[in-house]
Amino acid sequence: MRFASVIVDVKAMQTDRAFDYLIPEKWTGFIKPGMRVIVPFGPRKVQGFVIGIKNESEFDRVKPIAEVMDITPALTKELLDIGHWLTQTTLCFKISAFQAMLPAAMKARYEKEIVLVSDEYRPNLHPKVLPWFQSRRSVYWKDIEKSDSVKEFQMEIERGVLEVIYQVKQKNKKKTQKYITSNAEIAELKKESESGSAQAAKQKLILDYFINNSGISVPLQELLLHLNITDSPVKTLIKKKLLREENVEIYRDPYEDRTFKKTEPLALTAEQQTAISPILNSVEQNRHDVFLMYGVTGSGKTEVYLQSIESVLNQGKEAIVLVPEISLTPQMVNRFKGRFGSLVAVLHSGLSVGEKYDEWRKIHRGEVKLVVGARSAVFAPFTNLGMIIIDEEHEGSYKQEENPRYHARDVAIYRAKFHQCPVVLGSATPSLESFARAGKEVYQLISLKERVNQRPLPQVEVIDMRDELRSGNRTMFSSSLLEKLQDRIAKKEQSVLFLNKRGYSSFVMCRDCGCVTGCPHCEISLTYHKHGSQLKCHYCGHEEPMPKVCSECSSEHIRFFGTGTQRVEEELAKVLPEARIIRMDVDTTGRKGSHEKLLTQFGNKEADILLGTQMIAKGLDFPDVTLVGVLTADTMLHLPDFRSSEKTFQLLTQVSGRAGRHELPGEVVIQSYSPEHYSIQLASHHDYDSFYQQEMLTRKQHAYPPFYYLALVTVSHPDLLKAVSVTEKIAKHLNQRLSDTVKILGPVASPIPRINDRYRYQCMIKYKREENLHASLKMIIERYQQDMNKNQLSISIDLNPNTMM
DNA sequence: TCGCTCGCTGGA
DNA sequence: CCAGCGAGCGAT
């Protein structure tokens, strides 16, 4: 007798452990750890992951596994181990960790089906139930649920006439295509072709096709197109057993109708050469090293990645490249596809669930050797990894903001240790954590200080918008920026205008009483969307029409504040009527592929100005862009977040890097209301090193990373007092259990104190080394488990949070 | 006394 | 997470 330990797909504390199941005789030896199975769990059936096989079980009533969902394990041994490690380091459920490592398509869908036990019962079904079973034997419960016959169904189920079947379904479908082949000897086909009646002209056509192309297997669609016929004659021939159809599985290829120009390795500059050699060394000697490649924008980091990968592939190993959000940088995909062609799989959020699944399977089957993708691609199921590259290592999107709250950088290093291979972290503005580690020689620092084409970094002008206002300029464009924009249009060069994320939409304020329209469910102001003249809450989705008068004082003097891309576009059209503008933001890039389309348009010089938010900050490389304008550099600076200076510096540096990458020199204009701030000043001088020094001082002073680790406990509850009191208890508990070197701050209200009618309180833990921390936090979750189930309480724990929000 | 809602609990 | 069950309460 063999048993499988299974982690079931039920998110609860009590089920966050393995359950034993009997492996039926027919599957012994076949079922392996890492496979997905369907098991009976209580009265229903659920999906689960086999994590181990054993010869006995301590339980006496062990049920057998009902179904196997994989032919080869979905999770490798290594990934199973990573799952366990994730549950410990991020305090999540095991099932969440496993699911996070697989494409969404492999998550189970549960459906309840109501089946008529026997056709004999049909005549005497309850009249309200009968119509559902007129022509079929089963109905989905989710369809019945909405109807008014729920009760009658229940009665029939109790009577034993109807039966409930719990279905576990795969979300995805493997995409298949119908292929047609001849199913008979050519002689037979000929005979049929000649004997065919005059009416069967089309059949004759098809038969002749298969006679002339003997043995061919052709996609049905192609056949129909080629012979200009419908499928009816084909069907007839299949019925006559002269042809045969078969379903062949095909991959959805998101890059199907695209050709990638094959590129050859470029000659490396002396500096790149020096940079790449320790990496190649490490690859050759199968050593686990972490490199921090600190290279200014335009210094040719990507070419170093490409050539490092080449050496890994030559060794017969695989590589993973992480990029912040790949759909945003089609140019990046092109470079990898161009160099490595069909050896590349691409995984990013712009793909459909099915497309992601297909890309994942290519990796799983070993059909590709290189993955380029966003955060979750770090879990690519390779078995012989030779390198992991994380581009723009400082990016916040590498941290998952929901369970499991992992950081891709940590996972990458963990995997690389296992595979004894290097990790390369690349950035023009490394995170303080990473740069500090490089300083302590935990990481090896590699510097690229020159741009490949010897172009100087662009000139940056910082403009004090308060002065502009004083001198009577009330528009959002400083006179200098406007002048330069006009100049570029005259010279037929291009400009990029950048607006910070938070400034993307505007809030509404009454000019008489100063009250700002807020969300009724959240402690946050509503943002104005021109489309439909609606006010929206970005946190809970609440929407309301734009008010005509102030709700407080009935004044009609209400107007928008802050600047959105839509408004900038309008204003721009007023001051520069001749400019052709492309706007890129959530509204214009919502649909699939629209992002790329807009960028291609800009690349083809169909516009003079590209106006956008965050999403245009990264990786764009257009030769004719010679001016970059940042409209409001400080929107992000004053957020209640210890990383706000760092983020501002990174963003400004990043954006500035978009200008003058090729022959034409570039210029940058940064508009700000606090131009004296060090992150703006130092970004304007391209001075990362001074910024690092300065920011480290601040972090040390306030005991923030990288000097301390953080853990953030956020408690939320509809009742303010409950939220406060629970947070207080937690803080007290932690104070008792943890050592005195730990600093516990709080309880304090979260930066957004209420979301969706739930009050949020938090408690921050700053620590250096704390053996007890994980255990203590786990105790808290267990202690409040009941409250969380029944009393709307929720506690989230974020180890190494990226932001405080 | 029936029937429904609520909260609790087990799940291998 | 969720089906199934028992407790408890209001309607008949």
Side-chain angles (χ1 to χ4, degrees), chain A residues 1-25 27-28 31 33 35-69 83 87 91-100 102 104 106-115 126 128 140-142 144-145 148-160 162-169 171 402-404 717-719 722 781-796:
Chain A
M1 293 282 246
R2 309 218 92 200
F3 300 90
S5 302
V6 175
I7 301 289
V8 292
D9 181 15
V10 176
K11 280 180 197 90
M13 198 93 271
Q14 305 98 293
T15 56
D16 194 35
R17 59 200 148 103
F19 285 72
D20 288 353
Y21 286 89
L22 186 71
I23 300 179
E25 194 59 41
W27 288 332
T28 43
I31 289 188
M35 281 187 176
R36 293 170 307 147
V37 290
I38 295 172
V39 291
F41 195 68
R44 58 203 169 119
K45 278 182 183 155
V46 298
Q47 195 184 71
F49 288 88
V50 177
I51 56 164
I53 310 284
K54 49 190 187 178
N55 288 323
E56 47 206 274
S57 169
E58 340 154 19
F59 296 89
D60 23 296
R61 290 179 296 110
V62 184
K63 294 180 187 171
I65 289 173
E67 266 174 74
V68 191
M69 301 185 83
T87 55
L91 299 175
C92 67
F93 295 127
K94 293 200 174 75
I95 188 70
S96 314
F98 292 148
Q99 280 170 352
L102 294 174
M106 294 176 79
K107 224 169 119 178
R109 232 185 48 211
Y110 299 101
E111 221 138 18
K112 261 194 315 191
E113 213 177 355
I114 311 296
V115 183
H126 188 281
K128 277 183 93 170
Y140 284 118
W141 179 250
K142 67 173 197 293
I144 301 164
E145 231 170 6
D148 59 345
S149 322
V150 175
K151 204 174 264 154
E152 288 73 16
F153 269 93
Q154 247 163 18
M155 272 166 46
E156 297 297 70
I157 290 165
E158 254 160 62
R159 204 154 68 91
L162 298 179
E163 191 185 7
V164 187
I165 293 182
Y166 296 92
Q167 298 250 21
V168 184
K169 293 201 165 169
K171 254 191 194 148
E402 61 199 56
N403 276 331
H717 195 275
D719 179 9
K722 177 80 180 169
I781 303 178
E782 273 160 34
R783 156 74 180 74
Y784 287 100
Q785 182 64 34
Q786 287 175 349
D787 258 7
M788 284 162 73
N789 286 344
K790 60 177 179 203
N791 290 332
Q792 307 218 43
L793 180 75
S794 106
I795 300 176
S796 90

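Letters go in sequence order (proteins before strands), and every chain restarts at 1. What you see is a predicted model; the values in this text were computed from it and never measured.
- Around the NZ atom of A/Lys142, the shell of radius 6.0 Å holds more than 12 heavy atoms that belong to other residues, nucleotides or ligands.
- Closest to the A/Tyr166 side chain, of the nucleotides B/dC4, C/dA3, B/dG11, is C/dA3.
- We find that CG of A/Asp9 is positioned 13 Å from P of C/dA3, with the value rounded to whole Å.
- Side-chain nitrogen and oxygen atoms of A/Arg61 include at least one within less than 4.0 Å of the OP1 or OP2 phosphate oxygen of B/dG11.
- Remark: P of C/dC1 and CG of A/Asn403 are 12 Å apart, rounded to the nearest angstrom.
- The side chain of A/Ala12 has C/dC1 as its nearest neighbour among C/dC1, C/dA3, B/dG11.
- The shortest non-hydrogen separation linking A/Ile51 to A/Ala18 is CD1-CB, 4.0 Å.
- Nucleic acid contact class of A/Val10 (heavy atoms, under 4.0 Å, all strands): base.
- Taking atom CD on A/Glu158 and atom C1' on B/dC4, their separation rounds to 13 Å, with Å as the unit.
- The interatomic distance linking A/Gln154 (CD) with B/dT5 (C1') rounds to 13 Å, in whole Å.
- C/dC2 atom C1' lies 13 Å from atom CD of A/Glu145, rounded to whole Å.
- Of all nucleotides listed (B/dC4, B/dA12, C/dC2), B/dA12 comes nearest to the side chain of A/Lys63.
- Contacts of A/Tyr21 with the nucleic acid, taken as non-hydrogen atoms under 4.0 Å apart, involve only primed sugar atoms and P, OP1 or OP2.
- Sparse packing is recorded around CD of A/Glu25, with 12 or fewer heavy atoms of other residues, nucleotides or ligands lying under 6.0 Å away.
- Within the 4.0 angstrom heavy-atom criterion, base atoms lie near A/Gln14.
- Side-chain nitrogen and oxygen atoms of A/Lys151 include at least one within less than 4.0 Å of the OP1 or OP2 phosphate oxygen of B/dC4.
- Remark: the A/Asp9 side chain and the A/Gln99 side chain contain an N/O donor-acceptor pair separated by less than 3.5 Å.
- Closest to the side chain of A/Lys11, out of B/dG11, C/dA3, C/dC1, is C/dC1.
- Contact of the A/Val168 side chain with the A/Tyr110 side chain is registered, since non-hydrogen atoms from C-beta on lie closer than 4.5 Å.
- Whole-Å rounding puts the A/Leu22 CG to B/dG11 P distance at 18 Å.
- Atom CE in A/Met1 sits roughly 13 Å away from atom C1' in B/dA12 (whole-Å rounding).
- Here the C1' atom of nucleotide B/dG11 and the CG atom of A/Asp20 are 13 Å apart, to the nearest Å.
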